[in-house]
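Please read the structure below before turning to the comments.
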Amino acid sequence: QVQLVESGGGLVQAGDSLRLSCAASGRTFSSYTMGWFRQAPGKQREFVAAISRSGGNTYYADSVKGRFTISRDNAKNTVYLQMNALKPEDTAVYYCAASYSTEITTTPEQYVYWGQGTQVTVST
């Protein structure tokens, strides 16, 4: 089973940047479409960004488009989320996830492996 370990969360001020990392175990990392989701208190989990198996295609939620960048390094079995110009509304627990889908998907139900989550808090 694939294990996903996230890091990089923290407390920052509005306008700051953070880079989240998600390290995966196993030798089949490049077989998975990878995604980032977030969940704020009292809210449902929402899609943030996804990246195709080779890293050639990406897709973003409108709320983060232009500010966040998802990338992956298959040689390092790691997916990243670069978050710039952070806003208080970005405050949430961020999860990375892996999907068997061969195409980018935004639905949590299509992701079968999940990280433990990392807290991102953006103050005003």
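With hydrophobic clusters built from ILVMFWY side chains whose heavy atoms lie under 4.5 angstrom apart, Val112 shares a cluster with Val79. Two different hydrophobic clusters hold Val93 and Ile70 under the rule that ILVMFWY side chains link at heavy-atom gaps under 4.5 Å. Both Val12 and Tyr94 are members of a single hydrophobic cluster when ILVMFWY side chains are connected at heavy-atom separations under 4.5 Å.
The residues Asp90 and Lys87 are annotated as not salt-bridged, no charged nitrogen and carboxylate oxygen being separated by less than 4.0 angstrom.
Pairing each heavy atom of Arg53 with each of Thr33, the nearest pair is CG-N, 3.8 Å. What you find for Phe47 and Ala61 is that their closest heavy atoms are O-CB, 3.4 Å. Pairing each heavy atom of Ala40 with each of Thr91, the nearest pair is CB-O, 3.6 Å. Here the closest heavy-atom approach between residue Ile104 and residue Tyr59 is recorded as CG2-CB, 3.9 Å.
Proximity of a side-chain donor or acceptor of Glu6 to a complementary backbone N or O of Thr118 within less than 3.5 Å is detected.
Atom CD of Glu46 has more than 12 neighbouring heavy atoms from other residues, nucleotides or ligands inside a 6.0 Å radius. In this structure, Tyr113 places its OH atom where more than 12 heavy-atom neighbours from other residues, nucleotides or ligands lie under 6.0 Å away. Taking a 6.0 Å sphere around CD of Gln119, one finds it holds more than 12 heavy atoms contributed by other residues, nucleotides or ligands. The local environment of NZ in Lys43 is sparse, with at most 12 non-hydrogen atoms from other residues, nucleotides or ligands closer than 6.0 Å. Other residues, nucleotides and ligands place more than 12 heavy atoms under 6.0 Å from the CD atom of Glu89.
Residues Tyr32 and Tyr100 bring their aromatic ring centres within 6.0 Å. Phe37 and Tyr111 have their aromatic ring centers within a separation under 6.0 angstrom.
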